[in-house]
Novice: 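Below is the structure I would like to discuss, written out as structure tokens.
What you see is a predicted model, and the numbers here were worked out from it, not measured in a lab. Order of listing sets the numbers, starting from 1, for every ligand and every atom in it.
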Amino acid sequence: MDTIQIKDKTFAVSIHEADIQREVARVASEINRDLEGKNPLFLSVLNGSFMFTADLMKHITIPCEISFVKLASYQGVSSTGVIKEVIGINEDLAGRTIVIVEDIVDTGLTMQRLLDTLGTRHPKEIHIASLLVKPDKLTVPLNIEYVAMRIPNDFIVGYGLDYDGLGRNYRNIYTVVD
Ligand code: 5GP
């Protein structure tokens, strides 16, 4: 399937399954190399990273734990308007090596919010693994050590990422066609 239609938008395949899988395996081998002996706790950010997380973890060979968090958005009284609350952290993070597993870093504001929240729980160190990064959109200085792929500023779906709730199930990544 080279093009898909979701509601009012047409998307064309931009990253094929085989290329995604190759880069995900590479990221996993970097993590295996760097975090050996640290018993990292992977924190997968739902919903978008579910597919990336599953494929990544199949290649992680060091002892580790995995848990899932979610960001609940609500309108609040703040300078940015929308506040994202992190829900679902049940583990004691004190002294732990954390790896945040995200689907995509765009402006980086979501990741910054996550780092701030997790930081209050006194982990030993926090690493970031993101399937995708849009480097030209990044407005916050972030040290994203593990990146599967860097992409242009276009809107994408597939491999866990959605458009209006749809499209998460596709094996490839698709870019919106103007
Ligand atoms: P940020 O806070 O970095 O600007 O945005 C991160 C979030 O925006 C991601 O977790 C994701 O939910 C959403 N996002 C950013 N770019 C895209 C995109 O191209 N496609 C989809 N489906 N979601 C995106």
Novice: How are the rings of F155 and F11 set relative to one another: parallel (under 30°), tilted (30 to 60°) or perpendicular (over 60°)?
Specialist: tilted
Novice: Among protein heavy atoms, which lies nearest atom 1 (P) of ligand 1, and at what distance?
Specialist: T107 OG1, 3.3 Å
Novice: Give a yes-or-no answer on whether the side chains of S44 and S49 include a donor-acceptor pair shorter than 3.5 Å.
Specialist: yes
Novice: Would you mind checking which non-hydrogen protein atom is closest to atom 10 (O) of ligand 1, with the distance to 0.1 Å?
Specialist: D103 OD1, 3.2 Å
Novice: Which atoms of ligand 1 have any heavy atom of D154 under 4.0 Å away?
Specialist: 19 (O)
Novice: Are Y159 and N169 close enough that a side-chain donor and a side-chain acceptor fall under 3.5 Å?
Specialist: no
Novice: Measure the distance from atom 22 (N) of ligand 1 to every protein heavy atom, then report the residue, atom name and distance (to 0.1 Å) of the closest one.
Specialist: D162 O, 2.8 Å
Novice: Starting from atom 19 (O) of ligand 1, locate the nearest protein heavy atom and write down its residue, its atom name and how far away it is, to 0.1 Å.
Specialist: K134 NZ, 2.8 Å
Novice: Judged by non-hydrogen atoms, does G48 sit under 4.0 Å from ligand 1?
Specialist: no
Novice: Quick test of your reading of the model: are E125 and K38 salt-bridged, counting only N-O distances below 4.0 Å?
Specialist: yes
Novice: What closest approach, in Å, do P63 and P40 show between heavy atoms, and which atom pair accounts for it?
Specialist: O-CD, 3.5 Å
Novice: Is R33 paired with E30 through a side-chain N to carboxylate O contact shorter than 4.0 Å?
Specialist: no
Novice: Does ligand 1 have any atom sitting under 4.0 Å from a heavy atom of L71?
Specialist: no
Novice: What is the closest protein heavy atom to atom 15 (C) of ligand 1, and at what distance does it sit?
Specialist: D106 OD2, 3.5 Å
Novice: How far is atom 20 (N) of ligand 1 from the closest protein heavy atom, and which atom is that?
Specialist: I156 O, 2.8 Å
Novice: Should you measure from each heavy atom of L161, which atoms of ligand 1 turn up under 4.0 Å away?
Specialist: 21 (C), 22 (N), 23 (N)
Novice: Once rounded to the nearest 0.5 Å, what's the spacing between atom CD of E102 and atom CG of L46?
Specialist: 10.0 Å
Novice: Does the side chain of Y146 come under 3.5 Å of the side chain of D34 through a donor N or O and an acceptor N or O?
Specialist: yes
Novice: What protein heavy atom sits nearest atom 14 (N) of ligand 1, and how far off is it?
Specialist: I104 CG2, 3.8 Å
Novice: With a 4.0 Å cut-off on heavy atoms, is L109 touching ligand 1?
Specialist: yes
Novice: Specify the protein heavy atom at minimum distance from atom 2 (O) of ligand 1: its residue, its atom name, and the distance to 0.1 Å.
Specialist: T110 OG1, 2.4 Å
Novice: Between R113 and D116, is there a salt bridge with N-O shorter than 4.0 Å?
Specialist: no
Novice: May I ask you to check if ligand 1 and G108 share an N or O to N or O distance below 3.5 Å?
Specialist: yes
